[in-house]
Protein chains: 2
Amino acid sequence: MTESAGTGRDAEAVSRFVESFAAQLVEAGMARMPARVFAALLSCDAGSMTSAELGEQLRVSPAAVSGAVRYLAQTHMVSREREPGSRRERYRVHGDQWYEALTNRDAVLKRWETALREGVTSLGPDTPAGRRMSETLAFFEFLEGELAALMERWRVHRDKTIRPG
Amino acid sequence: MTESAGTGRDAEAVSRFVESFAAQLVEAGMARMPARVFAALLSCDAGSMTSAELGEQLRVSPAAVSGAVRYLAQTHMVSREREPGSRRERYRVHGDQWYEALTNRDAVLKRWETALREGVTSLGPDTPAGRRMSETLAFFEFLEGELAALMERWRVHRDKTIRPG
DNA sequence: CCTTAACTTCACAAATTTCTGAAGGAAGCG
DNA sequence: CGCTTCCTTCAGAAATTTGTGAAGTTAAGG
């Protein structure tokens with residue numbers, strides 16, 4: 001049993017999970033260090049860690065943590081909190097904030113739509129390629145509307161099944 | 001006007017679009033060469049190209065095309081077709097097949113769910129981290145069900161607005 | 001069968017990405 | 001105020017990824 005004093009958790013098992021979950025995120029296209037930081041935050045009881053704690057768990061330099069955290073904050077996967085009366089910062093996953101961010105690939109969707117519109121123009125709306133692209137564009141426009149509705153249904157579903165009352 | 005003889009299309013404009021759309025796919029996490037091949041196929045009138053044609057348009061070696069196409073076929077983004085009476089192969093995007101594949105991140109979703117279940121076990125279902133992870137897991141399970149329904153609504157919507165009759 | 005065309009695989013070179021160490025700056029604390 | 005702690009930035013080293021050339025495999029066509 002690898003139980004570090006006082007934590008009440010098997011640090012090695014936690015670390016194994018962190019790394020394996022991070023690996024899944026990497027496979028899905030996420031950069032390695034942000035994935036590891038995110039997985040670590042997701043797995044800690046407090047839901048937030050300091051830069052130093054992250055560096056220690058992941059065995060990386062403060063610089064690496066800094067870079068990863070900047071990316072995660074930009075994409076709203078984590079939020080930064082200043083610890084009052086200290087220059088320490090805590091990085092936090094907000095339980096649900098983060099997977100909302102996942103569906104907030106809205107930005108990506110928007111950029112794709114822009115690119116596709118340009119494509120329809122470049123290729124000519126009346127060419128076979130242009131028509132194929134128009135249909136693709138229509139799909140993304142449809143998808144964008146659906147996503148908002150889907151998230152709303154999720155909140156209802158969650159409140160009924162997980163956080164009732 | 002850069003119009004290559006007989007194609008009836010501005011080859012340079014097409015190429016520009018191909019590269020810029022591919023760049024968007026890369027930003028979203030797709031490997032470079034598959035993204036370029038896919039964008040090229042999406043932009044050609046026939047909806048399919050041979051390995052040689054792809055190599056010429058993208059200015060890459062047959063080896064690069066081969067690797068990209070293998071990936072795209074595995075992920076069902078394109079299908080391979082043998083040209084009868086020839087050892088040429090044609091690679092095709094199926095109009096709609098491809099964005100169905102996009103939502104068929106089912107495989108990814110499933111792997112995440114597996115990883116999260118392991119996480120709940122490792123961390124303990126009654127710990128704060130375990131509960132947070134349970135909720136995340138519930139979200140993905142919910143999402144999985146929703147995606148199927150969403151695609152069905154898309155087909156209905158498309159048949160009404162784009163391919164009526 | 002033998003030739004040749006088309007695709008694939010593999011080892012390696014090149015380019016890109018990723019992380020570190022060191023130096024620099026902001027903010028608490030005495 | 002100056003010291004100290006913590007975070008960030010930046011140049012460069014290290015590792016990974018990517019694409020090429022060359023050899024190998026399969027199958028058509030004579």
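To find a chain, count down the sequence lines: A is the first, B the second, and so on, and within it residues start at 1. Predicted model, so just to flag it, every value in this text is computed and none were measured.
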(request) Taking only Lys NZ, Arg NE, NH1 and NH2, and the carboxylate oxygens of Asp or Glu, determine whether A/E152 and A/R155 approach each other closer than 4.0 Å. (result) yes
(message) Can you tell me how the ring of A/W112 sits relative to the ring of A/F140, calling it parallel under 30°, perpendicular over 60° and tilted otherwise?
(response) perpendicular
(request) With heavy atoms under 4.0 Å as the rule, sort B/R36 into base, sugar-phosphate or nothing. (result) nothing
(message) What contact category does A/V65 fall into here, base, sugar-phosphate, or nothing, at under 4.0 angstrom with non-hydrogen atoms?
(response) nothing
(message) Taking the basic N atoms (NZ, or NE/NH1/NH2) and the acidic carboxylate oxygens, is any pair closer than 4.0 Å for B/E135 and B/R131?
(response) no
(message) Taking OH in B/Y71 as the centre, count heavy atoms belonging to other residues, nucleotides or ligands within less than 6.0 Å. Is the count above 12?
(response) no
(message) Whole angstroms only, please: what is the CZ-P distance between B/R32 and D/dT20?
(response) 12 Å
(message) Below the 4.0 Å mark, does D/dT4 have OP1 or OP2 next to a side-chain nitrogen or oxygen of A/R88?
(response) no
(request) Answer yes or no: is there a donor N or O on one side and an acceptor on the other, between the side chain of B/R132 and the main chain of B/T127, under 3.5 Å? (result) no
(request) Answer yes or no: are there more than 12 heavy-atom neighbours, outside A/E81 itself, under 6.0 Å from its atom CD? (result) yes
(message) Counting only heavy atoms from other residues, nucleotides and ligands, does the tally under 6.0 Å from CD of A/E19 exceed 12?
(response) yes
(request) Could you identify which residues of residues 47-57 of chain B place a heavy atom less than 4.0 Å from some atom of DNA chain D, listed by residue number, or say none? (result) none
(request) Indicate yes or no: does A/R16 engage B/E118 in a salt bridge with an N to O separation below 4.0 Å. (result) no
(message) Heavy-atom nearest nucleotide on DNA chain D for A/G67 versus B/P62: which residue maps closer to 5'?
(response) A/G67
(request) Would you mind reading off the distance between B/M30 atom CE and D/dT18 atom P, rounded to a whole angstrom? (result) 12 Å
(request) Measure the acute angle between the ring planes of B/W154 and B/H157, then classify it against the limits of 30° and 60° as parallel, tilted or perpendicular. (result) tilted
(request) Let me know the distance between CG of A/L72 and P of D/dT8, rounded to the nearest Å. (result) 12 Å
Dump the pairs, protein N or O against N or O of nucleotides 28-30 of chain D, anything under 3.5 Å, distances to one decimal.
residue, atom, partner, partner atom, Å
D/dG29, OP1, B/G85, O, 3.1

(message) Measure CZ/B/R70 against P/D/dG19 and give the value in whole Å, please.
(response) 13 Å
(message) Under a 4.0 Å threshold between the charged nitrogen and the carboxylate oxygen, would A/E83 count as salt-bridged to A/R90?
(response) yes
(request) Report the residue (A/A63 or B/V69) whose heavy-atom-nearest nucleotide on DNA chain C is the more 5′ of the two. (result) B/V69
(request) Please list, in 5' to 3' order, the outermost nucleotides of DNA chain C lying under 4.0 Å from any heavy atom of chain B. (result) C/dA5 to C/dT9
(message) Any carboxylate oxygen within less than 4.0 angstrom of a Lys/Arg side-chain nitrogen, looking at A/R117 and A/E141?
(response) yes
